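Some notes on the structure that comes next.
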Amino acid sequence: MIWKITSLIFHRPKQVLSSISNPFSRQRILLSTFPANSPDLKTLCSNGQLKEALLEMGIQGLEVEFQGYDSVLTECISQTAIREGQRVHAHIIKTCYEPPVYLRTRLIVLYNKCRCLGDARRVLDEMPERNVVSWTAMISGYSQRGYASEALHLFVEMLMSGTAPNEFTLATVLTSCTSSSGFQLGRQIHSLVIKTNFESHIFVGSSLLDMYAKAGKICEARGVFDGLPERDVVSCTAIISGYAQLGLDEEALDLFRRLQREGMRSNYVTYASVLTALSGLAALDHGRQVHSHVLRAKLPFYVVLQNSLIDMYSKCGSLTHSRRIFDSMPERTVISWNAMLVGYSKHGLGREAVELFKLMKEENKVKPDSVTFLAVLSGCSHGGMEDRGLEIFYEMVNQKDGFEPEIEHYGGVVDLFGRAGRVEEAFEFIKKMPFEPTAAIWGSLLGACRVHQNVHIGEFVAHRLLEIEPENAGNYVILSNLYASAGRWDDVRMVRELMKEKAVIKEPGRSWIELDQTLHTFHASDRSHPRKEEVFAKVRELSIKIKEAGYVPELSCVLYDVDDEQKEKILQGHSEKLALAFGLICTPGGTPVRIIKNLRICVDCHNFAKFLSRVYGREVSLRDKNRFHHIVGGTCSCGDYW
DNA sequence: ATTTGAATAC
């Protein structure tokens with residue numbers, strides 16, 4: 001009997017199949033009698049001929065078996081071909097009585113890759129039964145697109161359904177545990193990892209240590225790393241980038257060097273992470289070394305790596321190199337543009353930032369995002385182009401397919417007004433904006449009040465600011481500067497008292513300078529440097545010399561209750577002056593000096609550097625926490641506003 | 001099916 005049917009189908013397939021009404025029997029017969037037609041589809045797909053495969057499928061009507069669908073879907077996934085995928089999906093619904101779990105899972109993967117998470121989720125929800133792979137595929141879809149809470153919810157749902165996670169599930173779900181709310185679950189998953197003996201699995205371990213690093217728990221991350229029975233590039237890169245992202249740049253570099261000695265084979269992600277650490281240190285010589293190493297290694301083109309090179313050169317003070325890399329790129333992402341724009345902005349080059357932004361829109365390949373606007377706004381602010389900045393802000397607000405401005409953008413506008421001396425307008429703008437002002441926004445306005453000597457608004461702002469972040473020493477210093485500039489010495493004293501009362505913890509100031517590939521670091525009143533006597537003597541010498549040109553120490557920068565002579569001594573011990581003096585000692589006259597400081601530079605050190613640049617004919621490039629100061633012939637590129 | 005990476009106002 002079966003043989004007869006088979007023979008009939010073989011000669012008149014369409015008629016026979018359509019005469020069988022039960023879809024289940026139909027499919028059974030189809031599958032048991034037809035020689036697999038998947039090899040043809042498989043061949044076409046492995047040649048990347050998706051269109052031809054679809055055509056074939058259409059001609060053959062019902063006669064595609066599961067293996068064939070599998071080949072076609074796999075190719076759709078690799079080509080991110082959503083339209084073809086949708087047609088295959090429709091075909092499957094039409095012809096398959098009960099698509100097996102693995103076919104449905106392929107559909108989930110396809111929709112996830114094509115950013116159609118809703119469609120993927122629908123496939124999952126319609127599955128009569130799910131296995132660990134289908135759960136994991138959907139969790140991964142959510143994780144990769146940043147839907148952390150959806151990923152975590154689904155993971156919990158999976159556990160409740162009684163499906164046990166495997167190493168793939170754990171590695172995936174841990175990437176969604178980096179938020180503060182997710183971190184609690186992350187710890188619980190860690191115990192699950194231990195219980196199920198996946199602790200030494202390399203992917204699970206990498207993911208776990210990355211989670212700890214991103215949560216700022218670097219010691220725990222290191223613990224996981226050290227406990228791994230074997231290491232690969234990914235786990236090594238994860239721990240290096242963990243240090244770098246927390247600003248522990250030296251540690252990141254030390255570890256990188258050690259792992260390299262121990263045989264780690266770096267890839268482009270490793271180099272990108274190392275460049276992040278070097279950007280933090282502004283270690284230009286080392287950055288150049290990594291760059292030439294990367295060139296010698298003849299790696300294929302990686303946008304990510306180029307982006308981090310742009311950022312490294314700009315943070316090391318060499319914008320020309322950044323732009324050279326930017327211009328040479330065959331392809332750019334929004335991050336490439338943002339990195340370049342942030343570079344111009346940090347160097348105070350508003351005009352260049354606006355020009356580049358214009359170019360970006362003209363090219364119309366990459367859509368500006370929220371960071372792009374932030375960078376351009378800040379560029380306008382630092383470049384003294386407040387009207388252009390306001391225009392761009394309103395352009396952003398009125399964009400049709402754009403996004404709502406975030407609080408940071410409002411902060412940018414406050415900064416624009418403040419910098420331009422329009423302190424009242426800045427204040428009114430804050431009152432009207434749809435957000436509760438943050439410390440950053442008040443801080444920006446307080447800075448404006450200091451520069452433009454608006455004691456009235458300044459006092460109000462300072463009051464707010466000291467409520468929100470009483471522990472930030474910088475705020476007290478600016479308020480003290482403000483009172484001093486108005487000659488209100490009683491209030492200067494009051495600020496000092498207030499600061500003592502609140503037990504402010506000051507992040508220790510630290511400056512450094514790179515000479516012959518070595519970083520020389522100085523702390524405030526540093527007595528540890530081997531050439532300290534020479535350095536202190538040099539600061540005193542410089543001080544005396546520039547006083548003749550009109551330099552007056554800004555004593556209101558010192559918030560200790562000591563006499564003026566003592567205050568001047570404290571000022572002379574500021575780390576940036578030590579680094580500057582050391583630079584003058586160690587380099588021939590006329591060469592530029594490049595200094596980096598971890599905090600915002602104080603008014604007195606800024607004055608000091610300006611006078612020095614004029615009297616000694618030295619160009620000073622100083623990078624502080626916020627921006628670059630290019631000081632030439634007595635004037636600074638920041639226009640005395642920072 | 002899974003892990004690492006680049007930019008963010010003051």
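Letters A, B, ... are given to chains in the order of the sequence lines, protein chains preceding strands, and every chain is numbered from 1. Computed from a prediction, not measured in an experiment: that's the story for all the values here.
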[X] has an atom [atom1]; how far is it from atom [atom2] of [N], in whole Å?
{"X": "A:Leu174", "N": "B:dT2", "atom1": "CG", "atom2": "P", "answer": "15 Å"}
{"X": "A:Leu154", "N": "B:dA1", "atom1": "CG", "atom2": "C1'", "answer": "14 Å"}
{"X": "A:Asp369", "N": "B:dA9", "atom1": "CG", "atom2": "P", "answer": "13 Å"}
{"X": "A:Trp135", "N": "B:dT2", "atom1": "CH2", "atom2": "P", "answer": "18 Å"}
{"X": "A:Ile325", "N": "B:dA7", "atom1": "CD1", "atom2": "P", "answer": "14 Å"}
{"X": "A:Glu408", "N": "B:dT8", "atom1": "CD", "atom2": "P", "answer": "13 Å"}
{"X": "A:Tyr344", "N": "B:dA9", "atom1": "OH", "atom2": "P", "answer": "18 Å"}
{"X": "A:Leu255", "N": "B:dT4", "atom1": "CG", "atom2": "C1'", "answer": "14 Å"}

Looking for any heavy atom pair under 4.0 Å, which part of the strands does [X] touch: base, sugar-phosphate only, or nothing?
{"X": "A:Thr372", "value": "nothing"}
{"X": "A:Lys214", "value": "sugar-phosphate"}
{"X": "A:Tyr268", "value": "base"}
{"X": "A:Val371", "value": "base"}

Does a distance-only test, which skips hydrogens and angles, find a donor-acceptor pair under 3.5 Å between the side chain of A:Asn166 and the base of B:dA1?
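Pair found.
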
Check every atom of [options] against the side chain of [X] and return the nucleotide holding the closest atom.
{"X": "A:Thr172", "options": "B:dT4, B:dA9, B:dT2", "value": "B:dT2"}
{"X": "A:Phe203", "options": "B:dT4, B:dT2, B:dC10", "value": "B:dT2"}
{"X": "A:Thr175", "options": "B:dA6, B:dA9, B:dT4", "value": "B:dT4"}
{"X": "A:Ala171", "options": "B:dT2, B:dC10, B:dA7", "value": "B:dT2"}
{"X": "A:Val234", "options": "B:dA7, B:dT4, B:dC10", "value": "B:dT4"}

Salt bridge (Lys or Arg N to Asp or Glu O under 4.0 Å) filter on A:Arg324, not counting sequence neighbours, yields none

Give me the one residue out of A:Ser179, A:Ser176, A:Ser143 that meets side-chain contact (heavy atoms from CB on, under 4.5 Å) with A:Leu152.
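That would be A:Ser176; it is the only one of A:Ser179, A:Ser176, A:Ser143 passing the side-chain contact (heavy atoms from CB on, under 4.5 Å) with A:Leu152.
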
With a cut-off of less than 4.0 Å, is there a side-chain N or O of [X] near OP1 or OP2 of [N]?
{"X": "A:Lys315", "N": "B:dT8", "result": "yes"}
{"X": "A:His382", "N": "B:dC10", "result": "yes"}
{"X": "A:Gln245", "N": "B:dA6", "result": "yes"}
{"X": "A:Lys346", "N": "B:dA9", "result": "yes"}

Residue pairs fulfilling salt bridge (Lys or Arg N to Asp or Glu O under 4.0 Å) with at least one residue in residues 205-215 of chain A, sequence neighbours excluded
A:Asp210-A:Lys214

Per the salt bridge (Lys or Arg N to Asp or Glu O under 4.0 Å) rule, what does the pair list look like for residues 325-339 of chain A, sequence neighbours excluded?
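Sorted result for residues 325-339 of chain A: A:Arg323-A:Asp327, A:Arg332-A:Glu363.
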
Is there any side chain to side chain donor-acceptor pair (under 3.5 Å) pair reaching into residues 462-471 of chain A, and which pairs are they, with sequence neighbours excluded?
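Listed once each, the pairs are A:Glu469-A:Asn472, A:Glu469-A:Asn475.
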
Tell me, please, which residues at least two apart from A:Tyr271 pass ring-ring contact (aromatic ring centres under 6.0 Å, His included).
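For A:Tyr271 the ring-ring contact (aromatic ring centres under 6.0 Å, His included) partners, ignoring immediate neighbours, are A:His293.
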
Between A:His291 and A:Tyr313, does a side chain to side chain donor-acceptor pair (under 3.5 Å) hold up when you go through it step by step?
CA-CA 10 Å; A:His291 187 186; A:Tyr313 277 117; 2.8 Å; yes

Could you tell me whether A:Asp119 and A:Arg122 make a salt bridge, using a distance below 4.0 angstrom between a side-chain N and a carboxylate O?
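Yes, A:Asp119 and A:Arg122 are salt-bridged.
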
Could you list by number each residue of residues 137-147 of chain A showing a heavy-atom separation from DNA chain B of less than 4.0 Å, or answer none if no residue does?
A:Ser140, A:Gln144

